[in-house]
Amino acid sequence: QVLLMESGGGAVEAGGSLRLSCTASGLPFDQYNFGWFRQAPGKEREVVSCVGWEGITTYYADSVKGRFTISRNNAENTLYLQMTSLKPDDTAMYYCAAGLLVLPSSCTPITGFNHLGQGTQVTVSS
């Protein structure tokens, strides 16, 4: 059984930082491409960032480029999202996702993600 477990969310003030983690089990971690999604209340889920299995190829949504950094530790089966200069618009539930048939340079196709975590809440106050 595949399990993706996010952690590290919380409440911060604008300008603050958080580091999200996603620990995976039940799959060959170093063969999968991974991504972070987020969904704010009343809005559709959107792609935030992706990273290839090798940890080199990355993608960032324009809204987070220059502020967020995705990384992974294949030895520890863990995916990270370092978030800095947080804005109220970053408030959302953040999910990690794993997929074999995803291009990490573009985070597409969305249907290529096979597994999704339960999410961790990030709340940024102004």
Side-chain angles (χ1 to χ4, degrees):
Q1 179 182 357
V2 175
L3 182 64
L4 303 180
M5 185 173 297
E6 301 93 338
S7 62
V12 296
E13 293 184 351
S17 300
L18 284 172
R19 188 195 197 197
L20 305 184
S21 300
C22 171
T23 302
S25 60
L27 52 71
F29 186 88
D30 59 1
Q31 295 180 24
Y32 274 76
N33 301 312
F34 276 81
W36 287 98
F37 291 77
R38 68 185 181 186
Q39 186 167 19
K43 295 186 178 180
E44 293 187 357
R45 188 174 297 165
E46 62 176 353
V47 170
V48 175
S49 181
C50 282
V51 63
W53 62 270
E54 81 285 50
I56 297 175
T57 306
T58 58
Y59 167 86
Y60 295 96
D62 286 344
S63 58
V64 306
K65 203 171 292 185
R67 300 187 298 122
F68 291 10
T69 303
I70 192 170
S71 62
R72 61 190 293 163
N73 184 328
N74 287 351
E76 297 186 354
N77 289 4
T78 304
L79 174 74
Y80 301 100
L81 186 69
Q82 179 68 50
M83 306 186 295
T84 63
S85 301
L86 283 162
K87 306 175 181 179
D89 284 349
D90 294 319
T91 295
M93 185 72 79
Y94 284 70
Y95 303 86
C96 70
L100 286 172
L101 301 178
V102 175
L103 293 176
S105 57
S106 62
C107 269
T108 59
I110 297 298
T111 54
F113 287 100
N114 310 100
H115 308 287
L116 188 70
Q118 294 295 309
T120 185
Q121 178 67 38
V122 172
T123 303
V124 185
S125 60
S126 57

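Throughout, numbering of the chain's residues begins at 1 and tracks the sequence.
Asp30 contributes atom CG, which lies 8.0 Å from atom CH2 of Trp53 (distance to the nearest 0.5 angstrom). Between Leu4 atom CG and Leu27 atom CG the span is 6.0 Å, to the nearest 0.5 Å. Rounding to the nearest 0.5 Å gives a distance of 4.5 Å between CZ of Arg67 and NZ of Lys87. One finds the CE atom of Met83 at 11.0 Å from the OG1 atom of Thr69 (value rounded to the nearest 0.5 Å).
The six-membered or imidazole ring of Phe34 lies near that of Phe29, with a centre-to-centre distance under 6.0 Å.
Smallest separation of non-hydrogen atoms from Ser126 and Pro88: CB-CG, 3.9 Å. Considering all non-hydrogen atoms of both residues, Cys96 and Leu79 come closest at CB-CD2, 3.9 Å. In terms of heavy atoms, Cys107 sits closest to Val47 at SG-CG1, 3.4 Å. The shortest non-hydrogen separation linking Gly9 to Thr120 is N-OG1, 3.1 Å.
Qualifying salt bridge (Lys or Arg N to Asp or Glu O under 4.0 Å) partners for Arg38, counting only residues two or more places apart in sequence or in other chains: Glu46, Asp90. Partners of Tyr94 according to the ring pair (Phe, Tyr, Trp, His ring centres under 6.0 Å) rule, which considers only residues two or more places apart in sequence or in another chain, do not exist here.
Residue pairs that meet the salt bridge (charged side-chain N to carboxylate O under 4.0 Å, His left out) test with at least one member in residues 53-62, sequence neighbours left out, are Asp62-Lys65. Counting only residues at least two apart or on different chains, the side chain to side chain donor-acceptor pair (under 3.5 Å) pairs with a member in residues 96-109 are Ser106-Thr108. Sorted by first and then second residue, the side chain to side chain donor-acceptor pair (under 3.5 Å) pairs with a member in residues 5-20 form an empty list; sequence neighbours excluded. Identified under the side chain to side chain donor-acceptor pair (under 3.5 Å) test for residues 72-84, with sequence neighbours left out: Arg72-Asn74.
Relative orientation of the Phe113 and Phe37 rings is perpendicular, given thresholds of 30° and 60° on the angle between their planes.
Counting only distance, with no hydrogens or angles, the side chain of Asn114 and the backbone of Leu100 share a donor-acceptor pair below 3.5 Å. Formation of a donor-acceptor pair under 3.5 Å by the Tyr59 side chain with backbone atoms of Gly52 is not found in this model.
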What's the verdict on side chain to side chain contact (heavy atoms under 4.5 Å, CB included) for Leu20 and Val122, showing C-alpha distance, side-chain angles and the deciding distance? CA-CA 9 Å; Leu20 305 184; Val122 172; 4.0 Å; yes

Can you list the steps and then say if Leu3 with Gln118 is a side chain to side chain contact (heavy atoms under 4.5 Å, CB included)? CA-CA 9 Å; Leu3 182 64; Gln118 294 295 309; 6.0 Å; no

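Within a 6.0 Å radius of CD in Gln39, other residues, nucleotides and ligands contribute more than 12 heavy atoms.
If you chain together hydrophobic residues whose side chains sit under 4.5 Å apart, Val124 and Val64 fall into the same group. Linking ILVMFWY side-chain heavy atoms closer than 4.5 Å, directly or via other members, places Trp36 and Val2 in a single hydrophobic cluster. Both Leu81 and Val12 are part of a single hydrophobic cluster, where members link through side-chain heavy atoms under 4.5 Å apart.
In this structure, the side chains of Thr57 and Val51 stay at 4.5 Å or more apart for every pair of heavy atoms. Taking 4.5 Å as the limit, every side-chain heavy atom of Thr123 sits out of range of all side-chain heavy atoms of Met93.
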